[in-house]
Amino acid sequence: MALMPKRVKYRKSQRGSRRGIATKGSRLAFGEFGLKSLENAWLKNNQIEAVRVILARQLHKGGKLWIRAFPDKSVTKKPAEVRMGKGKGELDHWVAIVKKGKVIFELGGIPEEFARYCFRLAAYKLPFRTKFITRQHTA
């Protein structure tokens, strides 16, 4: 089952702008460790799923995973070798808009070294550069 919205107001959306930095979702909210984006990009639903599978396998019984990106933007594509015009293409896949500075995944309940290892494996599956972040403990 692919990650996608249950229902949307409009089936096809415009591309929009990929510029700018994340103001919301740029700090850790749930876990102690996070994977933060260093570039603007579109994150496909199957890329999110690939990272989820990797992290779930690594955590197996300990720790908790939070996914903070949801693919709510539809991307259309026209078939190969089709002439120009004749309207917008059919829906191809769903993407999450990821701005620079957004925390995409969070982990909790595991040691820091293990979290670094897990996020290193996850970063290979992502189409942009990322950074490992930790919660600042203030006492």
Side-chain angles (χ1 to χ4, degrees):
M1 176 74 189
L3 208 55
M4 61 187 274
K6 285 192 183 91
R7 54 193 295 267
V8 287
K9 190 168 184 181
Y10 299 108
R11 202 162 47 97
K12 297 174 182 179
S13 64
Q14 294 187 334
R15 287 179 191 277
S17 169
R18 289 196 209 185
R19 295 183 315 185
I21 58 170
T23 51
K24 291 181 180 176
S26 58
R27 295 212 178 111
L28 288 174
F30 305 102
E32 291 98 64
F33 312 107
L35 196 64
K36 190 179 229 185
S37 164
L38 295 178
E39 296 171 359
N40 296 328
W42 283 351
L43 191 55
K44 289 183 183 180
N45 54 1
N46 58 350
Q47 291 168 336
I48 295 173
E49 179 64 15
V51 173
R52 187 197 66 77
V53 166
I54 283 177
L55 293 176
R57 280 195 184 141
Q58 289 299 319
L59 294 173
H60 38 101
K61 290 288 183 273
K64 184 148 172 47
L65 165 68
W66 290 271
I67 301 171
R68 305 245 335 249
F70 184 78
D72 54 358
K73 181 182 185 65
S74 59
V75 176
T76 60
K77 196 168 172 76
K78 296 189 94 167
E81 299 178 15
V82 171
R83 291 184 180 181
M84 297 292 282
K86 304 284 187 282
K88 195 171 169 100
E90 284 306 304
L91 198 139
D92 186 50
H93 59 271
W94 294 87
V95 295
I97 300 166
V98 175
K99 300 273 186 181
K100 190 187 317 183
K102 180 167 171 63
V103 177
I104 311 151
F105 300 99
E106 292 188 31
L107 287 175
I110 56 171
E112 183 175 341
E113 280 308 307
F114 184 55
R116 278 185 192 274
Y117 169 73
C118 290
F119 280 143
R120 187 174 300 120
L121 294 178
Y124 285 124
K125 298 286 181 184
L126 297 174
F128 47 82
R129 292 183 301 119
T130 56
K131 178 183 178 182
F132 179 82
I133 58 167
T134 59
R135 190 180 289 280
Q136 307 299 17
H137 292 288
T138 53

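All values derive from a computational prediction rather than experimental measurement. Heavy-atom basis, side chains included; hydrogens, waters and symmetry copies ignored.
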Indicate yes or no: at least one non-hydrogen side-chain atom of Q58 is less than 4.5 angstrom from one of L121.
-> yes

Considering only heavy atoms from C-beta outward, does the side chain of V103 approach that of L35 to under 4.5 Å?
-> no

In sequence, state the C-alpha distance, the side-chain angles, and the governing distance for L59 and F114, and then conclude on side chain to side chain contact (heavy atoms under 4.5 Å, CB included).
-> CA-CA 9 Å; L59 294 173; F114 184 55; 4.2 Å; yes

What's the spacing between R7 CZ and K9 NZ if we round to 0.5 Å?
-> 10.5 Å

Mind checking what makes side chain to side chain contact (heavy atoms under 4.5 Å, CB included) contact with V75, not counting sequence neighbours?
-> W42, H93, V95

Under 6.0 Å between the ring centres of F132 and F33?
-> yes

May I ask you to test the K64-W66 pair for a side-chain heavy-atom distance under 4.5 Å?
-> yes

E106 and R68: side chain to side chain contact (heavy atoms under 4.5 Å, CB included), yes or no, with the steps?
-> CA-CA 8 Å; E106 292 188 31; R68 305 245 335 249; 2.3 Å; yes

Group every Ile, Leu, Val, Met, Phe, Trp and Tyr by side-chain heavy-atom contacts under 4.5 Å, then state whether L126 and Y117 land in the same group.
-> yes

Least distance between heavy atoms, A22 atom then G101 atom | CB-C, 4.0 Å

Pairs flagged by salt bridge (Lys or Arg N to Asp or Glu O under 4.0 Å) wherever residues 94-103 is involved - sequence neighbours left out | none

D92 versus T76: any side-chain heavy-atom pair under 4.5 Å?
-> no

Evaluate whether atom NZ of K73 has more than 12 neighbouring non-hydrogen atoms of other residues, nucleotides or ligands under 6.0 angstrom away.
-> yes

Before giving the answer on salt bridge (charged side-chain N to carboxylate O under 4.0 Å, His left out), spell out for E90 and R11 the whole-Å C-alpha distance, their side-chain angles and the decisive distance to 0.1 Å.
-> CA-CA 10 Å; E90 284 306 304; R11 202 162 47 97; 3.7 Å; yes

To the nearest 0.5 Å, what is the distance between OG1 (T130) and CD1 (I104)?
-> 7.0 Å

Out of curiosity, R135 CZ to E32 CD, how far, rounded to the nearest 0.5 Å?
-> 7.0 Å

Residues in side chain to side chain contact (heavy atoms under 4.5 Å, CB included) contact with F70, at least two apart in sequence or another chain = L3, P5, D72

Is a donor on one side and an acceptor on the other found under 3.5 Å between the side chain of N45 and the backbone of M4?
-> no

Are there more than 12 heavy atoms of other residues, nucleotides or ligands under 6.0 Å from atom NZ of K78?
-> yes

For the student: nearest non-hydrogen atoms of L55 and A122, plus distance = CD2-CB, 4.2 Å

For the residue pair L43 and P127, establish whether any side-chain heavy-atom pair is separated by less than 4.5 Å.
-> yes

Answer with yes or no whether the hydrophobic clustering places I54 together with V98; edges join I, L, V, M, F, W, Y residues whose side-chain heavy atoms lie under 4.5 Å apart.
-> yes

Has K131 got more than 12 heavy atoms of other residues, nucleotides or ligands less than 6.0 Å from its NZ?
-> no

Test item: K36 side-chain N/O and F105 main-chain N/O as donor-acceptor pair under 3.5 Å = no

How many angstroms lie between atom CG of L65 and atom CD1 of I110, to the nearest 0.5 angstrom?
-> 9.5 Å

Determine, using the 4.5 Å side-chain heavy-atom cutoff (strictly less than), whether I48 and I97 are members of one ILVMFWY cluster.
-> no

Is there side-chain contact between W94 and V8, with at least one heavy-atom pair below 4.5 Å?
-> yes

One should read off an interatomic distance between T134 OG1 and L107 CG, to the nearest 0.5 angstrom, of 12.5 Å

Could you tell me whether the side chain of K88 and the main chain of S13 form a donor-acceptor pair under 3.5 Å?
-> yes

Distance in Å, R57 CZ paired with R52 CZ, rounded so as to fall on 0.5 Å steps | 9.5 Å

